[in-house]
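To keep things clear, I will list the structure first and then write my remarks on it.
Reminder, nothing fancy here: chain letters follow the sequence lines and each chain counts from 1. Values in this document were obtained by computation on a predicted structure and should not be read as measured data. Because only heavy atoms are used, hydrogens play no part in the values below, and waters and symmetry mates are left out as well, while side chains stay in.
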Number of protein chains: 2
Amino acid sequence: MSQVTVKDVARLAKVSPRTVSNVVNDYTHVSADVRRRVLAAIDELGYRPNLVARNLRTGRTGLLALIVPEIDVPYFSELARAVIDVASAHGYRVMIDQTGHDHERERQLLTGSDRTMLFDGILFSPLVTQDEIDGIDAATVLPMILLGEHTFTGRFDHIAIDNERAAHEATTHLVATGRRRIAAVGVQPRETYRTPRQRTAGYLRALADAGLQPDDDLVVPAAQYHRRNGYDAARRLLTLDTPPDAIFCYSDLLAMGAMRAVQDAGRRIPDDVAIVGIDDIEEGRYAIPSLSTVALDKDVIATKALEQLVRRIEEPDRPATQIVVPHTLIERDSTRVADRTG
Amino acid sequence: MSQVTVKDVARLAKVSPRTVSNVVNDYTHVSADVRRRVLAAIDELGYRPNLVARNLRTGRTGLLALIVPEIDVPYFSELARAVIDVASAHGYRVMIDQTGHDHERERQLLTGSDRTMLFDGILFSPLVTQDEIDGIDAATVLPMILLGEHTFTGRFDHIAIDNERAAHEATTHLVATGRRRIAAVGVQPRETYRTPRQRTAGYLRALADAGLQPDDDLVVPAAQYHRRNGYDAARRLLTLDTPPDAIFCYSDLLAMGAMRAVQDAGRRIPDDVAIVGIDDIEEGRYAIPSLSTVALDKDVIATKALEQLVRRIEEPDRPATQIVVPHTLIERDSTRVADRTG
DNA sequence: TACATTCTTTGCCACGTTGCAAATCTGCTG
DNA sequence: CAGCAGATTTGCAACGTGGCAAAGAATGTA
């Protein structure tokens with residue numbers, strides 16, 4: 001574990017430390033003989049460049065931070081997988097931090113007791129409110145891309161789907177399969193979160209387009225987007241005097257919980273209650289019944305996010321851009337039109 | 001983004017750079033007045049210590065690497081969640097790398113083109129074979145803890161469950177619920193992987209203990225432990241002349257796929273086929289039917305792994321230890337004894 | 001007042017690397 | 001063979017920090 005340095009290599013290869021560095025960094029003008037000697041010495045000593053030292057010199061660390069609420073939420077782990085892979089292709093490695101729905105911690109990660117030059121950039125998938133994002137001084141923050149949330153204000157690069165339209169499509173799909181009493185699960189108590197608000201807006205617009213009356217009883221909040229919250233929400237919906245014949249969940253994970261609740265209550269999916277989610281996590285493809293959903297292409301999100309982040313790292317002052325990633329409604333068994341009596 | 005350094009703070013606070021460092025590091029003998037001035041200057045300039053520089057000086061980075069095959073496999077993402085949280089409590093942050101079932105990349109991550117002093121330690125959940133582990137020169141590697149795989153050879157710290165016993169319990173549980181034709185899914189083509197072999201051993205021993213004849217047709221390989229592999233394996237089992245009445249899957253994810261295949265084939269779980277997995281991922285708790293499994297406590301694994309790693313970082317030469325984490329059989333609906341005819 | 005003791009503050013240097021620019025060497029031209 | 005361009009190699013310094021030990025200030029003691 002004792003560190004082998006350029007000096008050691010230089011000594012063994014009988015060249016200057018600087019030359020070793022040249023070889024390591026593929027500097028053009030190095031004679032074949034010297035290169036061979038240096039490489040041999042590197043090999044013999046097991047020399048590895050000390051990235052910390054290199055980074056101190058160059059100002060780059062080759063590390064990115066990916067900040068998500070919880071890595072064990074499938075949407076985020078699937079996204080992380082894509083991000084790590086794409087980052088690797090760009091020569092970066094990825095540190096992952098979880099905010100765990102802790103507002104204070106999120107703000108801290110963001111504005112920076114931790115902004116310590118250890119990372120070249122940040123991919124941030126925040127829960128913080130728009131106000132808080134707006135409160136960040138862009139100049140004091142590392143190159144940062146916001147993922148999947150919030151409205152674009154021109155201060156930070158931003159990658160997201162069109163939440164309002166996605167929700168509209170999901171709801172309209174339920175309407176198209178003959179549903180009339182459509183619930184929405186996932187409104188957030190904190191009204192300043194953008195994503196749920198946009199999805200609710202899309203849901204309401206779809207109802208209006210279909211000439212359906214919105215019903216406050218059918219709009220159920222979910223403090224977090226976990227299976228448990230979907231479960232609880234669906235149970236509550238099923239106890240209504242006139243329960244819904246379809247549930248639009250703001251995430252697939254909510255939908256997984258809702259599906260379980262519906263079946264625990266002895267109702268059939270999709271016959272009695274149709275369910276649709278958003279995210280397209282693999283779990284939904286194997287669920288019984290398989291879950292209809294609005295698919296977000298995480299590979300595309302990761303790819304665009306990294307392109308954008310790398311560009312910003314190289315060119316910190318370029319104007320912020322917003323990228324809207326397309327989504328796709330995927331119809332599976334949980335909304336499949338079956339023999340319906342009623 | 002221009003870096004504010006101790007020098008800037010020192011200039012503003014009218015003290016030496018060294019004094020700023022003393023304040024930042026809570027050195028005991030600093031007068032209240034100076035401390036106040038320095039803190040004020042830090043605040044005014046927005047100074048944050050440059051971790052790269054600090055790390056170069058101290059030799060510590062505060063970063064750990066967690067290396068897993070795929071972060072979007074629920075077992076690993078749930079483990080990662082625990083690791084990140086526990087690491088954070090120890091003052092470390094966690095970089096995640098995926099080997100993606102790529103052997104070459106795994107070896108590389110391990111032995112080190114990447115062992116570049118950027119991390120203080122490694123948590124490694126490997127797929128590599130025992131031979132490869134044995135081939136690593138412990139002296140050249142960062143402090144490392146092996147997670148959940150392989151037999152203990154005294155060269156690396158190692159944390160795992162007793163795979164053989166876990167498999168034995170799972171199989172015995174199936175026997176106890178009246179199953180007689182019990183399949184096993186998850187044998188690995190590469191015979192040198194330890195975990196699947198240990199699980200197969202436990203499975204076979206349980207059959208023997210129950211006086212049941214092993215049947216090669218019932219032992220199905222799975223190249224990877226994904227839902228798809230479980231699905232394919234189960235489908236194959238169901239086409240046998242005498243299909244199994246129970247399937248023991250070597251991971252919950254395999255079991256999720258198997259459950260789907262069984263139901264796609266029109267068989268009932270657990271009535272026609274009982275299914276049990278290993279891991280206890282949350283997905284299984286919400287599955288329909290809920291999945292019986294052998295639970296591994298990921299919080300305990302993460303906690304012990306970090307304790308162990310931190311100890312090793314502080315004391316690199318201490319003898320390697322092996323920690324066996326307890327497991328628990330959890331009976332849920334997928335093996336629940338129901339009316340069985342036949 | 002002189003001296004010991006303790007508290008504060010500081011200067012110097014190194015961690016391992018690479019940018020810069022200068023030094024040295026090679027081969028070629030005339 | 002001088003002179004020159006280009007190739008190759010090198011020394012120096014610096015990135016920002018903290019360890020070390022010493023310098024300087026303050027306090028207590030005789």
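B/D33 places its CG atom 16 Å from the P atom of D/dA25, with the value rounded to the nearest Å. Residue A/R37 contributes atom CZ, which lies 14 Å from atom C1' of D/dT10 at whole-angstrom precision. Residue A/N50 contributes atom CG, which lies 8 Å from atom C1' of C/dC15 at whole-angstrom precision. The interatomic distance linking A/R60 (CZ) with C/dT17 (C1') rounds to 16 Å, in whole Å.
Contact annotation: B/R54 side-chain N/O to D/dG16 OP1/OP2 distance is not under 4.0 Å. At least one side-chain nitrogen or oxygen of A/T19 sits closer than 4.0 Å to the OP1 or OP2 atom of D/dT10. Close to D/dT10, at under 4.0 Å from its OP1 or OP2, lies a side-chain N or O of A/S16. Checking the phosphate oxygens (OP1, OP2) of D/dT8, no side-chain nitrogen or oxygen of A/N22 falls inside 4.0 Å.
In the set C/dG16, D/dT9, D/dG18, the nucleotide with an atom closest to the side chain of B/R18 is D/dG18. The A/T5 side chain lies nearest to C/dG16 when the options are D/dG18, C/dG16, D/dT9. The side chain of A/K7 lies closest to C/dC15, out of C/dG19, C/dC15, C/dT9. Closest to the side chain of B/Y47, out of C/dT17, C/dC15, D/dT17, is D/dT17. Among the nucleotides D/dG18, C/dT18, C/dG16, the one closest to the side chain of A/L56 is C/dG16. Proximity note for B/S31 (side chain, C-beta onward) versus D/dG18, C/dT10, C/dT9: the nearest is C/dT9.
Within 4.0 Å (heavy atoms only), B/V15 reaches sugar-phosphate atoms of the nucleic acid but no base atom. Residue-level contact check: B/S21 touches the bases, meaning some heavy atom is under 4.0 Å from a base atom. At a threshold of 4.0 angstrom between heavy atoms, the contacts of A/V6 include nucleobase atoms, whether or not backbone atoms are also involved. Contact annotation for B/N55: no contact, since no heavy-atom pair falls under 4.0 Å across all strands.
In the displayed structure, A/K304 atom NZ is contacted under 6.0 Å by at most 12 heavy atoms of other residues, nucleotides or ligands.
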